[in-house]
Amino acid sequence: MTHEILLAGFGGQGILFAGKLLAYCALFEGKEISWLPSYGPEMRGGKCNCSVCISDEPIGSPQVLEPDLLVVLNGPSFEAFVPNVKPGGKVFADSSMIDAKTDRTDIETFYVPATQLADDNNLAKGANIVLLGKLLHETGIFTFETVRKALEKNTPAKRAHTIDNNMRALQLGADYAG
Amino acid sequence: MTHEILLAGFGGQGILFAGKLLAYCALFEGKEISWLPSYGPEMRGGKCNCSVCISDEPIGSPQVLEPDLLVVLNGPSFEAFVPNVKPGGKVFADSSMIDAKTDRTDIETFYVPATQLADDNNLAKGANIVLLGKLLHETGIFTFETVRKALEKNTPAKRAHTIDNNMRALQLGADYAG
Amino acid sequence: MAKMSVIFDRCKGCELCTTACPKQIVAIQHEKRNKEGVFTAYCTDESKCIGCAMCAMMCPDCAIVIEK
Amino acid sequence: MAKMSVIFDRCKGCELCTTACPKQIVAIQHEKRNKEGVFTAYCTDESKCIGCAMCAMMCPDCAIVIEK
Amino acid sequence: MEKVLMKGNEALAEAAIRAGCKCFFGYPITPQTELSEYLSKQMPKRGGVFLQAESEVAAINMVLGAAGTGTRVMTSSSSPGISLKSEGISYIAGSDVPCLIVNVERGGPGLGSIQPSQQDYWQATKGLGHGDFRLIILAPNSVQEVVNLVVRAFDLGEKYRVPVMLLSDGLLGQMMEPVEFPEIKASQADNSSWAATGTKMQREHHIVNSLYIEANDLEAQVRARYERYAQIEANEAEAETYLCDDAEIVITAFGATSRIAKSAVNKARAEGIKAGLFRPVTLWPFPKAQLLDATKNAKAVLSVEMNMGQMVDDVKLALDCKIPVSFYGRTGGVIPSPNEVLDQIRKLNGGAQ
Amino acid sequence: MEKVLMKGNEALAEAAIRAGCKCFFGYPITPQTELSEYLSKQMPKRGGVFLQAESEVAAINMVLGAAGTGTRVMTSSSSPGISLKSEGISYIAGSDVPCLIVNVERGGPGLGSIQPSQQDYWQATKGLGHGDFRLIILAPNSVQEVVNLVVRAFDLGEKYRVPVMLLSDGLLGQMMEPVEFPEIKASQADNSSWAATGTKMQREHHIVNSLYIEANDLEAQVRARYERYAQIEANEAEAETYLCDDAEIVITAFGATSRIAKSAVNKARAEGIKAGLFRPVTLWPFPKAQLLDATKNAKAVLSVEMNMGQMVDDVKLALDCKIPVSFYGRTGGVIPSPNEVLDQIRKLNGGAQ
Amino acid sequence: MAVVFERPHSLCDVRLHYCAGCTHGIIHRLVAEVIDEMGIEGDTVGVCPVGCSVFAYNYFNCDMIEAPHGRAPAVATGVKRARPDLNVFTYQGDGDLAAIGTAETVHAATRGENIVVIFVNNGTYGMTGGQMAPTTLPGQVTTTTPYGRDPKTAGYPVRVCEMLSTLSGTALAVRTAVDTVPHIRETKKMIRKAFENQQKGNGFSIVEVLSTCPSNWGLTPKESIKRLQEECIPYYPLGVYKDVDINEANAALLNKGGETK
Amino acid sequence: MAVVFERPHSLCDVRLHYCAGCTHGIIHRLVAEVIDEMGIEGDTVGVCPVGCSVFAYNYFNCDMIEAPHGRAPAVATGVKRARPDLNVFTYQGDGDLAAIGTAETVHAATRGENIVVIFVNNGTYGMTGGQMAPTTLPGQVTTTTPYGRDPKTAGYPVRVCEMLSTLSGTALAVRTAVDTVPHIRETKKMIRKAFENQQKGNGFSIVEVLSTCPSNWGLTPKESIKRLQEECIPYYPLGVYKDVDINEANAALLNKGGETK
Ligand SMILES: Cc1ncc(C[n+]2csc(CCOP(=O)(O)OP(=O)(O)O)c2C)c(N)n1
Ligand SMILES: Cc1ncc(C[n+]2csc(CCOP(=O)(O)OP(=O)(O)O)c2C)c(N)n1
Ligand code: SF4
Ligand code: SF4
Ligand code: SF4
Ligand code: SF4
Ligand code: SF4
Ligand code: SF4
Ligand SMILES: [Mg+2]
Ligand SMILES: [Mg+2]
C-alpha cells in the first residue's frame with residue numbers, strides 16, 4: 001500500500017496541520033511516512049502545500065508530484081494540481097473557495113463547500129478538517145478513532161477543547177453528500 | 001650586472017627608505033628592479049628588512065635570501081643574515097648597535113658606528129644613510145649625484161631641508177675609515 | 001456628497017477601516033467572498049459618508065477609494 | 001629610604017617616567033644603550049627618592065621597580 | 001524506543017541535546033528556524049544555553065568562545081548566514097577548537113529562494129573561509145540519519161579538534177519522518193591540555209589562538225593540522241552504496257537528492273537497467289576508495305545534485321578520470337523528480353550499450 | 001610614458017582610477033593598506049569617492065549599492081576581510097552587477113599571519129559565498145601586470161555583468177617595481193537597461209535583486225547566468241607559457257609564485273633539464289586548453305603554490321588526469337625559494353628519466 | 001465627483017503580500033504619498049531589506065535595490081555616494097536594522113549619511129515566523145522566547161531613536177506609530193521632513209514607526225492595534241528625539257578643517 | 001627594603017611589543033593589578049582583539065582567547081554563557097570595538113552580558129599603520145584622512161560611552177585616561193569596579209580609556225600625552241556616564257515575567 005497525498009491552499013488554512021494528522025495516523029499504524037511542506041515567504045495568504053507519503057516501503061523522494069489523493073482549498077492550487085493527479089486518483093476540493101470544476105473523467109472529484117460548512121457550524125477555520133473527513137469517508141485509509149489519537153497527540157493541553165470541534169468537522173465532511 | 005641587496009634592522013631605523021633610495025637610483029639608470037619589504041606587526045621596534053634586486057634581466061623571485069650586499073642595523077639581524085651572504089659579498093654593519101663580529105673570511109665586513117656618527121653630527125635617525133654612504137663608497141654601484149636625485153624624488157616638499165642632511169650622512173659614511 | 005468604495009479584490013477584510021470611520025458606516029459584509037476568499041469591507045450607508053478618508057488612511061492595502 | 005630601579009633591558013626610553021616624578025629625579029642617560037639600542041631612564045639622585053612609585057605607575061613597560 | 005514524527009530540524013536539535021551539546025548560538029533564518037525554536041524551548045529546561053545572537057557573525061564568534069572553553073557547542077543557519085560565518089569558521093579551524101555547524105541549505109546565490117538546494121557543496125568542502133583548512137562535512141539523507149550523524153559530528157570534532165559541518169537542506173530540514181533516538185552516551189573528549197577554563201593557578205595559561213606572526217610557525221601549525229586531516233581522510237570517509245555491485249550506471253548523489261536518485265534507480269532496475277546509487281555520507285573526506293569500489297563495473301557515472309554540478313569534480317578526481325562522469329541537476333530550489341533522473345539513466349543506458 | 005617605481009598596491013589603485021573607477025569602499029587590513037591609503041589621497045582630488053567603511057561587510061554592501069547604479073566601483077581587502085565579504089559577494093553575483101574585488105592574500109586560516117600567501121585559491125575559484133555562482137579571477141604576477149589586469153577586470157565585469165576578483169598577495173602588493181601606465185580609454189558598458197539611476201518617470205522601474213521566490217524563476221536566472229559563464233570560459237581564459245614547447249617537466253604556478261618558479265625553471269634549464277612554466281592568468285576560467293597545449297611533451301607536472309595544494313585539482317582535471325601532477329608548496333606566509341623548487345624539478349627529472 | 005483619495009502613483013498597482021491588517025501596508029503608502037507629493041519618484045532609489053518588506057521592490061515605483069539582511073544603510077550609502085543627485089531611502093524592519101544591521105545603522109548615522117531610513121518596529125521577526133527581535137518587549141512570548149523574553153538571558157530591548165540621538169551625524173530621529181489616523185498623519189509629516197532633510201543635505205534621518213504583526217502576535221488586526229497602544233507605545237514613547245541642522249549643531253567640529261594631526 | 005611596586009603576577013614577565021611610550025602598556029598593567037588584587041587570575045579568561053593589543057594573550061597570565069577583529073564581545077559572551085563561573089574580560093581598541101565590532105558591542109551591552117570590556121581609545125588604527133578610526137577627531141590627519149578628517153565625508157566621531165549609556169543592559173560606562181598618575185589611579189579604580197560588577201552579576205561594564213599612539217600620531221610619547229590632554233579629553237569628556245544596579249534600574253521590566261504575548 002502506498003498513498004501519495006498532496007494538500008494545497010493558502011497559508012493559514014491549516015494545510016500543514018491536516019497533512020500532519022494523516023502522517024500521525026500512519027505512524028500509529030506502523031507505516032513508513034514522509035511529510036513535506038512547501039510555502040512562500042508570507043505568513044498568511046501565501047501559497048502553501050504539503051506532500052504526505054505513506055507506504056509499507058521506505059520512501060524515496062518525499063515530494064508528491066503526482067498525487068493519488070489531492071486535498072485542495074483554493075482556486076490557484078486547484079488549477080495547478082488537479083492536472084497532475086494520477087488517473088484513478090481522488091480530489092477533495094473546497095467548493096466555497098473554488099469556483100472551477102475539472103473535466104477530467106479519469107479521476108474522482110468531490111466538491112465540498114468546506115469553508116461554508118465550517119462557518120455555518122461555528123467551526124471557523126475548520127475547512128481543512130471537513131475535507132479530511134470527506135477524504136477518510138471516501139477512502140477509508142484511516143478510522144476516525146485513529147484521527148482522534150492523532151489530534152490528541154497534536155493539540156497542546158490548553159487547546160484540548162478544539163479536539164471535539166475537529167471531530168465534529170470531520171463528521172461534517174464525512175456526512176456531506178454533495 | 002645583478003645586485004641582490006638585503007637591508008635589515010628594527011622598524012623605525014629607515015631600512016625601507018634606504019632600500020627605496022637604492023631602487024630609485026637603479027630606476028634612473030634604466031635597470032630592472034624589485035624592492036620587497038618584510039616586517040612584523042609592530043609599528044616601531046619590530047623586525048624589519050628589505051630586499052632590493054637590481055639587474056639587467058627581468059627579476060624572478062624578488063626575495064633576497066643570499067644577498068651579495070647586506071646592510072644591517074641591529075644585532076639580531078646581524079646574526080640572522082650574515083651567514084647567508086654570498087661568498088665574496090659585502091656586509092655593512094652599524095657597530096653602535098651591534099656588538100657581534102663575524103668570523104667569516106669569505107666576505108668583507110665593514111663595521112661602521114653609524115648611529116653614533118649620526119648622533120654626533122646631529123643627524124638623529126641617519127644611521128641608515130650613513131651605512132648607505134659606506135656601501136656606495138665601497139661598491140660604487142651608484143654615484144652620490146644619483147642618490148641626490150633619488151632623495152629629491154622621495155622627499156616631500158615640506159621636508160626638503162632633510163635632503164642636505166641626508167647627503168651629509170652619506171658623506172659621513174663614505175668618509176668613515178674604520 | 002462623498003463616496004467611499006472598496007476595491008473588492010484588494011480588500012483583505014482586516015477591519016481596520018471599520019474602526020477609523022467617524023460616522024461608523026464601514027463594516028464587513030458576509031455575503032460574498034472575493035477571489036482570495038475574503039469577506040470584504042463596505043459602506044453601510046453611503047448617504048452619511050463625509051469623504052473624510054479616515055477609513056482609507058487606515059487601510060493597509062489601498063483598497064479604499066474616496067470620491068467627493 | 002626608598003629605591004627606584006630601572007630594568008635596563010626592559011626600558012624603552014620613552015621618558016614618560018621623567019614627567020611623573022614629583023622630585024624630578026628621573027632622567028634618560030646617554031651613556032649606554034640596552035640590547036634594543038635604547039638609552040634608558042635612571043634615577044639621578046637616589047637619596048631624594050621617596051618611593052612614591054609615580055614613575056612606575058606611569059611606565060608602560062613595567063620597567064621600574066620600587067623598594068622601600 | 002518509541003518512534004516519533006519529527007521534522008529534520010527538530011530531530012537535529014533533539015539529537016544535539018542528547019549528544020551533550022550545552023550551548024547553542026544562532027540567528028533565525030528560513031529554512032532552519034525550527035531548529036533554534038526547538039532549542040529555545042528545550043535548552044532552558046535541560047540545563048543548556050540557548051542564545052539568539054544579534055547576527056550570524058556574532059553567533060559563530062560566540063561558538064568560538066564557548067568552544068574555547070571546551071564546551072560542546074553548536075550553531076545553525078542557512079546559506080546566506082553560513083557565508084557570514086565564514087571568517088569565524090576559519091578562526092575556529094585555525095584555533096583547533098571543535099564545534100558543530102549546521103547548514104540547512106537553500107537556493108542561492110544572494111537572497112535566492114527559501115527552497116531546498118545543495119548549492120553550498122563547494123563552499124562547504126573547499127572554500128568556507130580564507131586559508132588552508134578543512135571541515136568534516138556530513139550529509140545525511142533521512143531524519144533518522146540526521147540524528148545519528150549529529151552524535152557522530154560532535155565526537156569527530158572533538159577527536160580531531162576540528163569544526164564539523166552537518167550539511168542539511170530545506171528538504172531534510174522541513175520534512176517529517178518517523179525517528180527513533182538511540183541511547184546516547186554523551187562522551188566528551190579530554191580537553192584539559194588546551195581549553196580556556198581558568199588556570200586555577202595550577203598550570204601555564206592556555207591560549208586559544210590562530211595568530212602565528214612568524215610565517216614558519218604558522219606553516220608548522222598548518223602542516224600539523226594537515227596531518228590530522230590525513231588521518232581523517234584515512235579513517236573517517238563513509239559512503240552508502242545501493243545496488244552498485246553489478247551496476248553499469250552509477251549515480252552519485254548526496255543528501256536529500258540521493259533519495260530521489262534512489263527512487264530513480266529502483267525505476268531503472270524495474271526497466272532492467274543495471275543502475276546503482278553511490279551516496280557519500282562524508283563529503284569531506286570524500287569517500288574515494290568506496291567510490292572506486294562501487295564503480296568497478298560501471299561504464300558511466302551520473303552525478304545528480306541540486307546545484308549546477310559542484311560535486312562532479314570530486315567524483316572525477318576520485319575516479320582518476322577513468323569513467324565518464326555526466327551531470328544532471330536542478331538548481332535554485334527546484335527538486336529534481338525521480339522521472340527526470342530516470343530519463344538521464346535511460347539516455348546513458350542507450351549511450352553505454 | 002615615464003616608468004615609476006610603485007608598490008603593487010599603489011599601482012593597482014592608480015590603475016583603477018585611470019580605468020574610470022569612481023568609488024572605493026574599503027576597510028583597512030594588512031597587507032592591502034597602501035591601496036586604500038593611496039585612494040584616500042587621490043580620489044578626492046580626481047573626482048572620485050573614497051569611503052572607509054565601518055567594516056568589510058559594510059564595504060561590500062556599499063559596493064553593491066554603487067554598482068547597482070552602474071558606477072565603476074571597487075573594494076579591496078585581505079583574506080579574513082574577504083571571508084566577511086562573502087555574503088555580499090554572493091548577492092552581487094546574484095544581482096548581476098559588475099564590480100572589482102581585490103584580495104591581497106595573507107597567511108591563514110584565522111588571523112594567521114600578515115605574510116604573503118595564496119591560500120584563498122579555493123575560496124576565490126569555488127567557494128566565495130553560498131549558491132551557484134562564479135567570479136572571474138585574475139592573478140597578475142608583476143606590478144605592471146597588476147596595472148594591466150585592473151583595466152581588464154573592469155571591462156570584463158561590465159561586459160558579462162559579473163563581479164571580478166583580482167587575486168594579489170602580500171608579495172605583489174608590497175613589492176615595488178618600475179611600472180608604466182598605458183593610455184587608458186575608460187570605457188563604460190551600457191547599463192541603461194538595468195541600473196538603478198532613477199526612472200525619470202520615463203521607464204519602468206529597475207530592480208536590482210537576487211531574490212526569486214519561485215524556485216523555477218531562480219533556476220532560470222541561474223541558468224541564464226551560467227550561459228554567460230560558458231561564454232567567459234570560451235573566450236576569456238588566459239595563460240602565459242615559458243619554455244613549454246619542449247618541456248618535459250612543466251611547472252604550474254600563478255601569481256607571485258610563478259616568479260619564483262620561473263627562476264627555478266631558468267636554473268633547471270641551466271642544468272640541462274627541460275623544464276617549463278605554465279602560468280594561468282585567469283584562475284577562473286581556468287585555461288584548460290592552454291594547459292593541454294603547454295604539456296604536450298610533458299612527462300610530469302609540478303604545481304607550485306603558496307598553500308597546501310589548492311590548484312592541484314584544477315590542473316589534474318584540465319589534464320584529464322593523464323599526466324602525473326605532483327605538488328610543492330609552502331604555506332602560512334613562507335615564500336618558497338627558487339632552489340627549493342629546483343630540487344623538486346631535479347627529483348622529477350630523475351623520476352622521469 | 002473627483003477622486004480625493006486613492007493609491008499614490010509611486011506605489012505600484014499590485015496586491016501587497018502582507019498579511020491582512022499588517023500595518024506595513026500603511027507605511028508603504030505614506031512613503032509613496034510623500035514621494036508623490038515631493039515629485040521625486042523619478043529621482044529616487046529605494047533600498048529594500050530582508051524581512052516581510054523584502055518585496056518592497058515590487059511595490060515602490062521608483063528604482064529599487066535589494067540589500068542583504070541588515071545592510072540596507074550600507075547599500076544606500078553606496079548609492080548615495082555614487083549618485084548624490086538621487087534621493088535614497090531604506091525601508092527596514094527591527095531585526096534588520098537593530099540586530100544584524102546594528103553596525104551599518106550606527107555608522108550611517110554617525111557619518112551623517114544623507115539618506116532617509118524608514119524603520120518599521122513591530123517587535124518581532126515577521127518574515128521568519130515570529131522570533132524574538134531586538135525590540136521584543138520583556139515578557140513577550142515569541143517562537144524563540146517561548147517562556148516570554150527574559151532580559152536576564154535574552155537581553156533588554158534596544159531603543160533605537162534614543163541610541164542614535166547620541167550620534168553627531170543624526171539630524172532627525174523620531175518615533176511615530178500607525179495606530180490611529182492622527183498618528184498616521186504625523187508619521188507622514190515626519191517622513192516628509194526626513195526626505196526634505198536629505199534634499200537639504202542635512203544628514204541622517206530616521207523615522208521609527210511602531211507597527212503591528214497580527215500574524216506573529218497571534219492577534220487579530222484590531223487587537224494588534226490595541227496591543228500597540230497599550231504595550232508598545234508605553235515602552236517606546238512616541239516623539240521627536242532629535243531634530244537639528246547637523247551643520248549648525250556641529251559647526252565647531254566642521255571648522256576643524258586642515259591638518260591638526 | 002621590600003619591593004613595593006613591581007610587575008603584577010598576572011602580567012607575564014616578557015617584553016611588551018608596544019612602541020616606546022605607548023600607553024597600552026599602562027592599561028595592561030592596571031588590568032593585571034586588579035586581577036591580582038581580586039585574586040581571580042586562576043578563574044579569569046581574557047579575550048584579545050585584533051589591533052595592537054592582539055598579542056595580549058602573551059601578556060596576561062590567565063587563560064586567553066584570540067577573537068576575530070571586532071568580535072571580542074561575542075567571543076566573551078560565548079565564554080561567559082558556557083562558563084558563568086569564570087571572570088571574562090575583553091580588551092579592545094577603538095577600531096575593533098567601535099567600527100567593525102559595533103553590533104557586537106551594542107548587543108553585549110543591551111543584553112546586559114555579564115562581562116568587562118576594557119576599551120582603549122587612541123583615535124586611530126594603531127596596528128595597521130594609523131588609518132582613521134571611528135573615534136578619530138575632526139580635522140585629524142591619518143593615513144586614510146590625509147587632508148584631515150572631514151566629518152562631511154568621513155563622518156563624525158562616535159562617542160561610545162554616551163551611546164552605550166542609552167542601553168538598559170549597561171551597568172557601568174565610564175571614560176578615563178592614562179595621561180597622569182591620578183587619572184591612572186582612577187582608571188584602575190574603575191576597572192576594579194567593572195570586575196566587581198561582573199562578580200555581582202550586574203551586567204555589562206565598559207571602561208573606556210583614552211590612550212595614545214605616539215607612532216601613528218607622529219609625536220613623541222611626551223607630546224602624545226599632551227595631545228591627549230589638549231585635544232582628546234575635551235572631545236571625549238572623562239567621567240562616569242552610567243553606574244547603576246541594572247536589576248534595580250530595570251526592576252519594572254524584569255517583573256514582566258510569564259507570557260504577556
Ligand atoms: C544573513 C541572513 N540572516 C537571516 C536571514 C533570515 N531573515 C529574513 S527576514 C529576518 C528578520 C526579519 O525581521 P524584521 O527585520 O523585524 O522584519 P519584519 O519581517 O518583522 O518586517 C530574518 C532573520 C536572512 N535572510 N539573511
Ligand atoms: C576582518 C579584519 N579586518 C581588518 C583587519 C585589520 N586590522 C587589524 S587591527 C585593525 C585596527 C586596529 O585598530 P584599533 O582597534 O583601534 O586598535 P589599536 O591598534 O589602535 O590599538 C585592523 C583594521 C583584520 N585583522 N581583520
Ligand atoms: S470617508 Fe470618512 S465618513 Fe466616509 S466611510 Fe470613510 S471614514 Fe467614513
Ligand atoms: S482596511 Fe482595507 S483591507 Fe482592511 S477591511 Fe478595510 S478595506 Fe479591507
Ligand atoms: S617610562 Fe619606563 S620605559 Fe619609559 S623611559 Fe621610563 S622606565 Fe623607560
Ligand atoms: S618613586 Fe617617586 S620619587 Fe622615587 S623616582 Fe619614582 S617618582 Fe621619583
Ligand atoms: S508576518 Fe507580521 S509583519 Fe509580516 S506581513 Fe504578516 S503581519 Fe505583517
Ligand atoms: S602603533 Fe600606536 S597603539 Fe600600536 S603599539 Fe605603537 S604606539 Fe601603541
Ligand atoms: Mg520586525
Ligand atoms: Mg585604536
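Throughout, protein chains are lettered first and strands after them, A, B, ... in sequence-line order, and every chain is numbered starting at 1. Nothing here was measured: the structure is a model prediction, and the numbers come from that model.
Heavy-atom pairs under 4.5 Å with chain E peak, among F/A124, F/C321, F/G108, F/P116, at F/C321. Ranked by heavy-atom pairs under 4.5 Å with chain F, the first of E/G112, E/G127, E/S113 is E/G112. Contact tally against chain E (heavy-atom pairs below 4.5 Å) for F/G110, F/G107, F/G332: the top residue is F/G110. Of the residues considered (E/Q310, E/K316, E/E56, E/Q118), E/Q310 shows the highest number of contacts with chain F, using heavy-atom pairs under 4.5 Å. In terms of heavy-atom pairs under 4.5 angstrom with chain F, the leader among E/G81, E/G88, E/P109 is E/P109. The choice from F/G309, F/G129, F/G94 that makes the most heavy-atom pairs within less than 4.5 Å of chain E is F/G129. Between chain F and the residues E/K322, E/R134, E/E105, the largest count of heavy-atom pairs under 4.5 Å involves E/R134.
Both the backbone and the side chain of F/L211 come within less than 4.5 Å of a heavy atom of chain E. Interface residue F/R225: only side-chain heavy atoms are found under 4.5 Å from chain E.
Each of E/S117, E/S79, E/S86, E/S83 was scored for a side-chain hydrogen bond (donor to acceptor under 3.5 Å, both in side chains) with F/H130, with one residue passing: E/S83.
The closest donor-acceptor contact from the side chain of E/D120 to the backbone of F/G131 lies under 3.5 Å.
By the 4.5 Å heavy-atom criterion applied to side chains, F/V222 and E/R330 are not counted as neighbours. No side-chain heavy atom of F/E219 sits less than 4.5 Å from a side-chain heavy atom of E/M308.
Once rounded to the nearest 0.5 Å, the distance linking CD1 of F/I82 with OG of E/S90 reads 12.5 Å. Taking CG of E/L128 as the start and CH2 of F/W122 as the end, the distance is 12.5 Å to the nearest 0.5 Å. Put simply, CG on E/L218 and CD on F/Q115 are 8.5 Å apart, with the number rounded to the nearest 0.5 Å. In this structure, CG on E/D313 lies 6.5 Å from NZ on F/K126, to the nearest 0.5 angstrom. F/S210 contributes atom OG, which lies 5.0 Å from atom CG of E/L111 (distance to the nearest 0.5 angstrom).
In terms of heavy atoms, E/D132 sits closest to F/N307 at OD2-CA, 3.4 Å.
Against chain E, no residue from residues 163-175 of chain F qualifies, as none has a non-hydrogen atom under 4.5 angstrom away.
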